[in-house]
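These notes are about the structure you will find just below.
All values derive from a computational prediction rather than experimental measurement. In each ligand, atom 1 is the first atom listed, and ligand 1 is the first ligand listed. When reading the values below, keep in mind they use all heavy atoms of this one structure, side chains included, and skip hydrogens, waters and symmetry mates. One is the number of the first residue; the rest follow in order along the sequence.
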Amino acid sequence: MCSHQDRVGGAARNRRRLRALAGRRPRARRRRGQPVPLRRERAVTAPVVALRDVGFRRNGRQILEDVTLEVRAGEHWALLGPNGAGKSTILGFCGAVTHPSAGTVEVLGERLGRVELAALRRRIGHVNPRHPLDSPLSVREVALTGITSTIELPMRWVAAPDEIERADAVLEQLGLSPIAESRWPTLSQGERGRTLIARALLSDPALLLLDEPSTGLDVAAREQLLETVDALERTHPDLASILVTHHLEELPETTTHAVLVAHGRITASGPVAEVVTSEAVSAAFEHPIDVEHRDGRWSARARRRRAVAL
Ligand SMILES: Nc1ncnc2c1ncn2[C@@H]1O[C@H](COP(=O)(O)OP(=O)(O)OP(=O)(O)O)[C@@H](O)[C@H]1O
């Protein structure tokens, strides 16, 4: 006959054995008075961007109304819609550039209006194809301006050896090492785009904003840029991104969610396969559009409303 102690010990051993079989670790015992730890799934899925009932009014005109959107770590959103729909204005909130006229915007857990925008912007990677750089900085130097959060290299600023090492590691990741010494004015549009992604990553952001990153790229350069964006899912798994485009062909394969905007309102939002459909896209663009999804890539063909009489 076994004692109570033995039975308890045996039960504990059994539990440990069962946990080991299930590949689970024993739960750490919490002392009385210690704070309850965040559950893993809650910590991982806390929104990186949260827009709630956002409105934006300028010069007596309602530009955005009732915009609600949540982007979480590891999600890659596409922001789609016709010209003038309000995409850049929404991106302006996500990038801590613009304050809303109504509703609330939280970026990286900070409420706009209660935080210094410039400090918040330093934690956001922003890829803008109209990057206003004038000096002939090298690719490595442009990437390093991601650390200083400036367009030009600040006077008398010298990168520390570990910063140069980090910059070179990111350039290597993005296939830019062979042109690390090339000067900005001599770069092709595609090389510039990838250099700006390197610059954005150097600020070690939790959020990456890509504002029409394929603008001005030929079809091959566009594919290289999209490959670079797709690789981020592997190299930066917790990064959240929002990409603005008019063209479904410019959606990276790793796009997880999409939001359609028309006339300042969200017309559809959610997992990309549910949102990027012929019906939803046609409704947002107010035009019949056939959407296709093949081999991970999207394409759209606008139908003519009526046959042209010859
Ligand atoms: N600060 C502002 N003052 C006045 N009007 C503005 C302001 N910002 C945006 N708008 C107007 O709001 C509308 C939405 O602009 P926004 O740039 O967000 O659209 P978009 O979807 O990005 O357009 P596009 O695809 O053409 O770049 C446009 O009609 C624009 O003229």
Residue portion contacting ligand 1 (non-hydrogen atoms closer than 4.0 Å) for Ile90 = neither
Any ion pair linking Glu181 and Arg140 (charged N to carboxylate O, less than 4.0 Å)?
-> yes
If you measure from the Lys or Arg side-chain nitrogens to the Asp or Glu carboxylate oxygens, is any gap between Glu227 and Arg194 under 4.0 Å?
-> no
At under 4.0 Å between heavy atoms, which part of Arg58 makes contact with ligand 1: side chain, backbone, both or neither?
-> side chain
With a cut-off of 4.0 Å, which atoms of ligand 1 are near a heavy atom of Thr89?
-> 9 (C), 15 (O), 16 (P), 18 (O)
Closest approach of any protein heavy atom to atom 17 (O) of ligand 1, naming residue and atom = Ser88 CB, 3.6 Å
Pairing of Glu292 and Arg297 as salt bridge, 4.0 angstrom limit = no
Close approach, Gly81 and ligand 1, non-hydrogen under 4.0 angstrom | no
Can you sort out which atoms of ligand 1 are near Lys87, meaning under 4.0 Å from one of its heavy atoms?
-> 18 (O), 19 (O), 20 (P), 21 (O), 22 (O), 23 (O), 24 (P), 25 (O)
Note: Glu212-Arg130 ion pair, threshold 4.0 Å (strictly below) = no
Are any of the N or O atoms of Ala85 closer than 3.5 Å to those of ligand 1?
-> yes
Would you call the rings of Trp77 and His257 parallel, tilted or perpendicular if under 30° counts as parallel and over 60° as perpendicular?
-> parallel
Under 4.0 Å from any heavy atom of His246, which atoms of ligand 1 are there?
-> 24 (P), 25 (O)
Relative to the heavy atoms of Asn59, which atoms of ligand 1 are at a distance of less than 4.0 Å?
-> 4 (C)
Cluster overlap Leu176 with Ile164, hydrophobic side-chain contacts below 4.5 Å | no
Between His293 and Trp298, how do the two ring planes meet: parallel, tilted or perpendicular, split at 30° and 60°?
-> parallel
Under 4.0 Å from a heavy atom of Arg61: give me the atoms of ligand 1 that qualify, with their elements.
-> 11 (C), 13 (C), 29 (O)
Measure the distance from atom 19 (O) of ligand 1 to every protein heavy atom, then report the residue, atom name and distance (to 0.1 Å) of the closest one.
-> Gly86 N, 3.2 Å
Taking N or O atoms only and a 3.5 Å limit, does Ile63 qualify as a polar contact for ligand 1?
-> no
Is there a path of hydrophobic side-chain contacts, each under 4.5 Å between heavy atoms of I, L, V, M, F, W or Y residues, that connects Leu171 with Leu225?
-> yes
Report the C-alpha distance between His263 and Glu286 in whole Å, list the side-chain angles of each, state the deciding distance to 0.1 Å, and finish with yes or no for side-chain contact (heavy atoms from CB on, under 4.5 Å).
-> CA-CA 11 Å; His263 301 295; Glu286 296 175 292; 2.9 Å; yes
Check whether any heavy atom of Pro82 sits under 4.0 Å from an atom of ligand 1.
-> yes
Gap between atom CD of Glu249 and atom CD of Glu223 - 0.5 Å precision | 10.0 Å
Shortest protein heavy-atom distance from atom 14 (C) of ligand 1, along with the residue and atom involved | Gly84 O, 3.4 Å
Using a 4.0 Å heavy-atom threshold (strictly under), name the region of Asn83 that reaches ligand 1: side chain, backbone, both or neither.
-> both
